[in-house]
Amino acid sequence: MGQKIARGDALVLAHYYAPDAVQAAADFVGDSFALAQMAVASDKPVIVFCGVTFMGESAKILCPEKTVYLPAPDAHCPMADMASEEEILHMRRTVPDLAVVVYVNSSARLKAHADVVVTSANAVRVVSRLKEKNIYFIPDRNLGAFVAAQLPEKKFYFGHGCCPIHDATTVSEVEAAFSAHPEALLLAHAECPEAVRSRAAFVGSTAGMIAFAEHSDAREFLVATEAGTLYELGRRCPGKRFFPTRADFLCADMKKITPAALENVFAGGGTPVEVDEEIARRARRALMRMLGLAK
Ligand code: 13P
Ligand code: SF4
């Protein structure tokens, strides 16, 4: 066991997909973009990041002076490795006037090759501000297509990655949910397939979905994203009703972040997140550029 961490020295960040009890214990709950911004803005020396590995890595890259812990260091987003450095180098060699845009759900090694990083909350805005005509968007082909549809002036090349959990959303399950709740509006995460996104009243990040529900006059919503989001939806929208588009819309990796794992970090059982210095230096440039362009 290492040294105990004083609660007052740490900022506890949790993603909306973390278990409810973990969200309840956090200082701040948000989407990937808001959590990265909170990490940067914090004056605490320690960040305990209740999220998957790419989130802890990004916090460490953005805040090298802080000690960052992941309560579940084995909680890994499978999409983070769904692109290759070789493919990026090949695209750079063969396509002129190209910007390599890397979704934040990616390893630090991939971010090191990025011209800019994006999250689902800011991808359209950030890409619209790039001067390059050609955009190589990796790893998420669904989010890439969502962004491309809004920026017809750009030419997009897509990776082949996706979130296995969101990509599994089908039109038939959405149609069944509409049949059960005909008055409901569909909220879909941008990682869902196009056939699902096209039926939605709102498509975007988790925070965007929550904000839409909060400000909408509708009373019922179908929710096509990870079930943890229902906790914040319920908190922020009392009296409104939310129905997941499928019963098991769960990210097994996010669910590894248990209250016991969080306690273990404070008891001194965590290992600080480390990122190779040269990779971190290059990835930081792309992450900082995102923070600048997203304003
Ligand atoms: P958000 O940035 O919308 O929170 O999404 C993160 C994520 O992992 C979605 O699957
Ligand atoms: Fe990754 Fe999908 Fe889990 Fe998000 S929901 S962390 S994209 S596996």
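Any value given below was found using the heavy atoms of this structure, including those in side chains, with hydrogens, waters and symmetry copies removed.
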If Ile, Leu, Val, Met, Phe, Trp and Tyr residues are connected whenever their side-chain heavy atoms lie under 4.5 Å apart, and connections chain through other members, are [X] and [Y] in the same group?
X	Y	value
V265	V46	yes
V116	Y157	no
F146	V117	yes
V40	V118	yes
F54	L13	yes

Can you tell me if [X] uses its side chain to pair, donor with acceptor, with the backbone of [Y] under 3.5 Å?
X	Y	value
K154	E132	yes
K256	D74	yes
E226	M254	no
R197	N142	yes
K111	R282	no
N122	T119	yes
S216	F212	no
N134	P96	yes
R199	A195	yes
R92	H113	yes

Worksheet entry | E278 CD: over 12 foreign heavy atoms closer than 6.0 Å |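 Above 12, so yes.
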Worksheet item: For atom CE of M288, is the number of surrounding heavy atoms from other residues, nucleotides or ligands below 6.0 Å larger than 12?
Response: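 Not buried by this count: 12 neighbours or fewer within 6.0 Å.
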Discussion item. What verdict does the salt bridge (Lys or Arg N to Asp or Glu O under 4.0 Å) test give for D276 and R109, after you've listed the backbone C-alpha separation in whole Å, the side-chain angles of each residue and the deciding distance to 0.1 Å?
Written reply: CA-CA 9 Å; D276 173 89; R109 190 170 283 283; over 6 Å; no
Out of curiosity, [X] [atom1] to [Y] [atom2], how far, rounded to the nearest 0.5 Å?
X	Y	atom1	atom2	value
L187	L233	CG	CG	7.0 Å
H189	F202	NE2	CZ	9.5 Å
M82	L110	CE	CG	11.5 Å
C163	R141	SG	CZ	10.5 Å
M55	C50	CE	SG	11.0 Å
I210	Y16	CD1	OH	4.0 Å

Practice prompt. With sequence neighbours excluded, tell me which residues meet salt bridge (Lys or Arg N to Asp or Glu O under 4.0 Å) with E57.
Written response: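 None.
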Item to complete: Could you tell me which residues satisfy salt bridge (Lys or Arg N to Asp or Glu O under 4.0 Å) with E263, sequence neighbours excluded, listed by chain and number?
Response: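 Partners of E263 under the salt bridge (Lys or Arg N to Asp or Glu O under 4.0 Å) test: none.
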Discussion item. The test is side-chain contact (heavy atoms from CB on, under 4.5 Å); show your working for D253 and C77 and say whether it passes.
Written reply: CA-CA 7 Å; D253 282 278; C77 170; over 6 Å; no
Item to complete: Give the C-alpha distance, both sets of side-chain angles, the deciding distance and a yes or no for side-chain contact (heavy atoms from CB on, under 4.5 Å) between I138 and S106.
Response: CA-CA 9 Å; I138 51 173; S106 55; over 6 Å; no
Do [X] and [Y] come within less than 4.5 Å of each other through their side chains, counting heavy atoms only?
X	Y	result
P259	V22	yes
Q23	R235	no
N105	D140	no
I257	L262	no
M91	V100	no
V126	V101	no
T169	P193	yes
K255	P19	yes

Specify the closest pair of heavy atoms between [X] and [Y], including all atoms of both residues, with the distance to one decimal.
X	Y	answer
I279	A108	CG2-O, 3.4 Å
Y103	S120	CE1-N, 3.5 Å
A294	F33	CB-CZ, 3.6 Å
L70	G51	CD2-O, 3.5 Å
A14	A26	CB-CB, 3.6 Å
K66	I47	CD-CD1, 3.7 Å

Worksheet item: Residues two or more places apart in sequence or in another chain: which of them pass ring pair (Phe, Tyr, Trp, His ring centres under 6.0 Å) with F156?
Response: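 Counting only residues at least two positions away or on another chain, F156 forms a ring pair (Phe, Tyr, Trp, His ring centres under 6.0 Å) with F158.
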Item to complete: Applying ring pair (Phe, Tyr, Trp, His ring centres under 6.0 Å), name anything that partners Y17, two or more places apart in sequence or on another chain.
Response: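 Per chain and number, Y17 pairs via ring pair (Phe, Tyr, Trp, His ring centres under 6.0 Å) with H15.
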Discussion item. Checking D81 against H76: is there a side-chain donor and acceptor pair closer than 3.5 Å?
Written reply: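 Note: H76 and D81 side chains meet the donor-acceptor criterion.
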Worksheet item: Among all residues two or more places apart in sequence or in another chain, which pass the side-chain hydrogen bond (donor to acceptor under 3.5 Å, both in side chains) test with R125?
Response: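 Counting only residues at least two positions away or on another chain, R125 forms no side-chain hydrogen bond (donor to acceptor under 3.5 Å, both in side chains).
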Item to complete: Under the side-chain hydrogen bond (donor to acceptor under 3.5 Å, both in side chains) rule, collect the residues that match up with S84, sequence neighbours excluded.
Response: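 Checked S84 against side-chain hydrogen bond (donor to acceptor under 3.5 Å, both in side chains); matches are E87.
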Discussion item. Assess the residue pair D27 and R7 against the criterion (salt bridge (Lys or Arg N to Asp or Glu O under 4.0 Å)); give the C-alpha distance rounded to whole Å, side-chain angles, the decisive distance to 0.1 Å, and a yes or no.
Written reply: CA-CA 11 Å; D27 297 315; R7 183 64 179 82; 3.0 Å; yes
Worksheet item: Ring centres of H166 and F249 under 6.0 Å apart?
Response: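 Centroid distance H166-F249: below 6.0 Å, so yes.
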Discussion item. For V196 and T245: C-alpha separation, side-chain torsions, deciding distance, then whether side-chain contact (heavy atoms from CB on, under 4.5 Å) applies.
Written reply: CA-CA 11 Å; V196 171; T245 49; over 6 Å; no
Fill in: Stepwise side-chain contact (heavy atoms from CB on, under 4.5 Å) check, C237 with F242
CA-CA 10 Å; C237 311; F242 298 95; 3.7 Å; yes
